[in-house]
Student: 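Sharing a structure here in structure tokens format.
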Amino acid sequence: MKREERLRIARMVAALPEVPLLPSAVQHVAECAKLPCRDNPIPFLTEREIRIHHRDAMLVRQMARLISREHGILVRSAQVFDFLRREGWLLSSPECYNAPSEESTRRGLMIAAHSGATGAGLKYYTPYITREGYEFFSRIIIQKGGHL
């Protein structure tokens with residue numbers, strides 16, 4: 001993503017009105033996140049497909065750095081990962097660690113790439129934040145002042 005585009009997105013996010021999270025929506029997301037991967041029909045792409053078809057998608061650590069730089073709040077990628085898992089946007093079960101929940105992919109906030117598998121049958125995924133996801137999550141992080 002070009003610098004001008006990132007600045008434009010950051011200005012749009014800063015101008016958005018404060019939107020409270022609905023507890024029922026968050027609860028539904030958390031319930032969906034408890035399902036194992038085989039019960040969650042989540043589409044997964046390769047990293048190459050993401051680079052080709054979703055050029056504006058970014059890694060979670062890139063989103064944390066971008067928010068830190070542009071808004072002057074200290075946001076660490078580990079905090080963002082913990083926040084996304086706690087709120088149910090990312091799955092934390094051993095069968096599909098770091099896979100986006102069904103709700104986050106349905107809303108178009110995240111996409112995922114396979115990042116590897118262990119000999120024990122566990123799969124690990126790399127979550128990518130889409131443009132819509134950046135706007136949504138950065139608004140929440142900015143409202144909380146980086147205290148996730």
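Residues take their numbers from the sequence shown, with the count starting at 1.
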Student: For Y125 versus N98, what's the shortest heavy-atom pair and its separation?
Tutor: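 For Y125 and N98, the tightest heavy-atom pair comes out as O-CB, 3.2 Å.
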
Student: Which distance, rounded to the nearest 0.5 Å, do you find between the CG of L109 and the CD of E135?
Tutor: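 If we round to the nearest 0.5 Å, L109:CG and E135:CD are 10.0 Å apart.
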
Student: Assigning hydrophobic clusters by single linkage (Ile, Leu, Val, Met, Phe, Trp, Tyr; side-chain heavy-atom cutoff under 4.5 Å), is I111 placed with L59?
Tutor: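 As far as the 4.5 Å side-chain criterion goes, L59 and I111 are connected within one cluster.
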
Student: What distance separates E70 CD from I142 CD1, expressed to the nearest 0.5 Å?
Tutor: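 Result: 8.5 Å between the selected atoms.
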
Student: Minimum heavy-atom separation for L74 and Q79, please, with both atom names.
Tutor: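 Here L74 and Q79 meet closest at O-OE1, 4.0 Å.
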
Student: Identify the two heavy atoms, one from E132 and one from G108, that lie closest to each other, and give their separation to 0.1 Å.
Tutor: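 Of all heavy-atom pairs spanning E132 and G108, the closest is OE1-O, 3.6 Å.
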
Student: Can you sort out the partners of Q62 under side-chain hydrogen bond (donor to acceptor under 3.5 Å, both in side chains), two or more places apart, ordered by chain and number?
Tutor: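 Scan of Q62 (side-chain hydrogen bond (donor to acceptor under 3.5 Å, both in side chains), adjacent residues dropped) gives none.
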
Student: Using a 4.5 Å cut-off on heavy atoms from C-beta on, say whether the side chain of E87 contacts that of F83.
Tutor: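 A side-chain contact under 4.5 Å exists here.
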
Student: What's the spacing between W89 CH2 and T105 OG1 if we round to 0.5 Å?
Tutor: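 Rounded to the nearest 0.5 Å, the CH2-OG1 separation comes out at 10.5 Å.
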
Student: I'd like to know if R107 and E103 make a salt bridge, using a cut-off of under 4.0 Å between side-chain N and carboxylate O.
Tutor: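 Between E103 and R107 there is a salt bridge, with a charged N closer than 4.0 Å to a carboxylate O.
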
Student: Does S68 have any side chain to side chain contact (heavy atoms under 4.5 Å, CB included) partners at least two apart in sequence or in another chain, and if so, which?
Tutor: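 Listed in chain order: V75.
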
Student: With sequence neighbours left out, write down each residue that passes side chain to side chain contact (heavy atoms under 4.5 Å, CB included) with R65, or none if nothing qualifies.
Tutor: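 Applying side chain to side chain contact (heavy atoms under 4.5 Å, CB included) to R65 gives R61, R69.
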
Student: Taking the side chain as C-beta and beyond, is there a heavy-atom pair between V60 and I129 under 4.5 Å?
Tutor: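 With C-beta onward as the side chain, the pair touches.
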
Student: Would you check if H71 and I141 make a side-chain contact, meaning some heavy-atom pair closer than 4.5 Å?
Tutor: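 Answer no - side chains too far apart.
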
Student: Heavy atoms, side chains only, cut-off 4.5 Å: are L66 and Y134 in contact?
Tutor: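 Yes, their side chains come closer than 4.5 Å.
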
Student: Quick check: closest heavy atoms across S104 and S101, and the distance to 0.1 Å?
Tutor: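 Closest approach of S104 to S101, heavy atoms only: OG-O, 2.9 Å.
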
